[in-house]
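One structure is given here, and the rest of the page talks about it.
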Amino acid sequence: MGSLLELQDLLVKRDEKIRQLEAKLKVREDEIVELKSQLDKFQSIMPFATGVAVAPGAKGGRQRKQRAQGISAEPQSLRTIQELACLSQTTFPEVPKSTRSKELLRQAVLENDFLKNLEMGQVMEIVESMYSVEYAEGALIIKEGDIGSILYIMEG
């Protein structure tokens, strides 16, 4: 058995090694969270089909790709088309905010799978018209089944 100083030195080295391994683990856990987030985004756009048919005559049993389903929300009546035409001429109020806030909001909008394909002018119009609202902790903000007419970007 070693002396007390040798044992203390050994404990210090082990503690340092544990700190290094914990730091490495934290980095890897962060990478996993980021990769899972990206995977969720990709799967929401291109869901994996179960039971995909194999194309006849395909080499090596290549699977035929199945088209992802989409949703179209096109106007169903002349009145709706006229309302949309009026809305396209509407200008929305601009709410003053800092350049940093605008940039954070712009990035959040562009990271949204449904909004990222908008033209930059449309994105900036959304950002300019956004305003801040504070809710109490635990407050109900969105309830399942609510009509989706408001875009929320949460801070923090």
Mind checking salt bridge (charged side-chain N to carboxylate O under 4.0 Å, His left out) for Glu111 and listing every partner two or more places apart, or none if nothing turns up?
none
Partners passing side-chain contact (heavy atoms from CB on, under 4.5 Å) against Arg19 (at least two apart in sequence or in another chain)
Asp15, Glu16
Please name all residues satisfying side chain to side chain donor-acceptor pair (under 3.5 Å) with Glu34, sequence neighbours left out, ordered by chain then number.
Gln38
Please identify each residue that fulfils side-chain contact (heavy atoms from CB on, under 4.5 Å) with Asn112, with sequence neighbours left out.
Phe114, Leu115
For Leu35, the other hydrophobic cluster members (4.5 Å side-chain criterion, sorted by chain and number) are none
Please give the remaining members of the hydrophobic cluster of Tyr135, linking ILVMFWY side chains under 4.5 Å, ordered by chain and number.
Val95, Tyr131, Val133, Ile141, Ile142, Ile150, Tyr152
Could you tell me which residues satisfy side-chain contact (heavy atoms from CB on, under 4.5 Å) with Lys17, sequence neighbours excluded, listed by chain and number?
Gln20, Leu21
Among all residues two or more places apart in sequence or in another chain, which pass the salt bridge (charged side-chain N to carboxylate O under 4.0 Å, His left out) test with Glu128?
Lys102
Who passes side-chain contact (heavy atoms from CB on, under 4.5 Å) against Ser98, sequence neighbours left out?
Arg100, Ser101
Under a side-chain separation threshold of 4.5 Å, the hydrophobic residues clustered together with Ile147 are none
Those residues at least two apart in sequence (or on a different chain) that pass salt bridge (charged side-chain N to carboxylate O under 4.0 Å, His left out) with Lys26 are Asp30
Contact list for residues 132-153, test salt bridge (charged side-chain N to carboxylate O under 4.0 Å, His left out), sequence neighbours left out:
none
